[in-house]
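The next block holds one structure in the form of structure tokens; read it before the comments.
Residue indices begin at 1 and follow the sequence shown. Start at 1 and go down the list; that is how both ligands and their atoms are numbered.
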Amino acid sequence: MQQQLNKILTEATADIEKALSSDDIEEIKLKYLSRKGELNSIKKNLKDLSDEDKRIVGALANEVAQNLETSIKEKFDLIYRKELDEKLQTEKIDITLTGKFTPQGKVHPLTSTTNEIVAIFQSLGFSLVQSKNSPEVETEHFNFDMLNFPADHPARDMQDTFYTKVAPNVILRSQTSNAQVREMENNKPPLRVIAPGRVYRSEAVNARKNNFFHQIEGLYVDKEITFADLKGVLNEFIRLYFGSSRVTRFRSSFFPFTEPSAEIDVQCIMCGGKGCRTCSNTGWLEILGAGMVDVNVLKTSGIDPEVYTGFAFGMGVERLTMLKYAIDDIRLFFNNDVRFLKQF
Ligand code: DAH
């Protein structure tokens, strides 16, 4: 047995010497030191020995076991440190490296202006028109006839309006005013809505004009609505949108669907009213058309003009955005140049 023990010690020591990984160490532990290991099987046979031999062999077995445990631990510590070093080297994170850049999208300036204007009118008690009452593909009936445009009005001309091939009278709407008519036909007063949307006009594109752009239409119909209400609401809108220091003026005007009609100008932000190329030397820029809903329009839309009156207004979103941020070319909104879009 003593020989056997010495053999185990020599073999195990050689195995430990050869071990290269912590897995090898585990295997060695299992082979020699575990319950089913070689040392234990010798210890199990001790009972057959004389007391004297038991003492000697037992002591030797314990010594061998202790010996092995120590050398296994030493080897394991060595291997473990080596493996850890390797791991740290290969999995090293360089915290000084810059992170990956994830570009972030932004809301388009026309969308944010629309949202801002819609929020202002909502705070004044207006609500958004139902989208079914504000279609972009429209008939001449709602875009012109119902808005009191005479049959020979120049705006209907092929040069201004995009006609489709769907049917002779189907067009791309040239103004959001179609929403007024549909709203009045489909609902009973009081009506207090705004209708933002895209409109189309067959124009030569330049710095000031595009062949599609965006408008926000407003309509307020109720008993006893007067021009004073129109002025109050629109002045408040201008104050909230531009701030109270911006100089504005009401100017009388003409639209087929309003009577009386007005236009609102703001002082040119490029020249401060002195006159420049942007304002065609007038010192003013038009931002808004408005007026009291024409009696004819009320009547044809099924609203009794003896009981109800109302006002309407329409404004260009591109124009209002350009004036707020001093943008001098409408085409910038549609070029999708991130250098421009990133600024908002
Ligand atoms: N629809 C007109 C345009 O496209 C703008 C407008 C003027 C709308 C007066 C209105 C209004 O509602 O009352 O130029």
Give one line per pair: atom of ligand 1, protein atom, distance. Only N/O to N/O under 3.5 Å.
from, atom 1, to, atom 2, distance (Å)
ligand 1, 1 (N), Q175, OE1, 2.8
ligand 1, 1 (N), S177, OG, 3.0
ligand 1, 4 (O), R201, NH2, 2.8
ligand 1, 4 (O), Q215, NE2, 3.0
ligand 1, 12 (O), Q180, NE2, 2.9
ligand 1, 12 (O), E217, OE2, 2.6
ligand 1, 12 (O), F313, N, 3.3
ligand 1, 12 (O), F313, O, 3.2
ligand 1, 13 (O), A312, O, 3.1

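A salt bridge (Lys or Arg N to Asp or Glu O under 4.0 Å) with E138 is found for one member of R173, R198, R182 and no other, namely R182.
Taking a cutoff of 4.0 Å between a charged side-chain nitrogen and a carboxylate oxygen, R192 and D222 do not qualify as a salt bridge. Taking the charged nitrogens against the carboxylate oxygens, D15 and K29 have no contact shorter than 4.0 Å, which rules out a salt bridge.
In terms of heavy-atom proximity, T226 sits nearest to F311 at O-CD2, 4.4 Å.
Taking I269 as the reference, R246, L323, A326 meet the side chain to side chain contact (heavy atoms under 4.5 Å, CB included) condition, with sequence neighbours excluded.
Criterion: ILVMFWY side-chain heavy atoms under 4.5 Å apart, direct or through other members. Under it, L9 and L39 are part of a common hydrophobic cluster.
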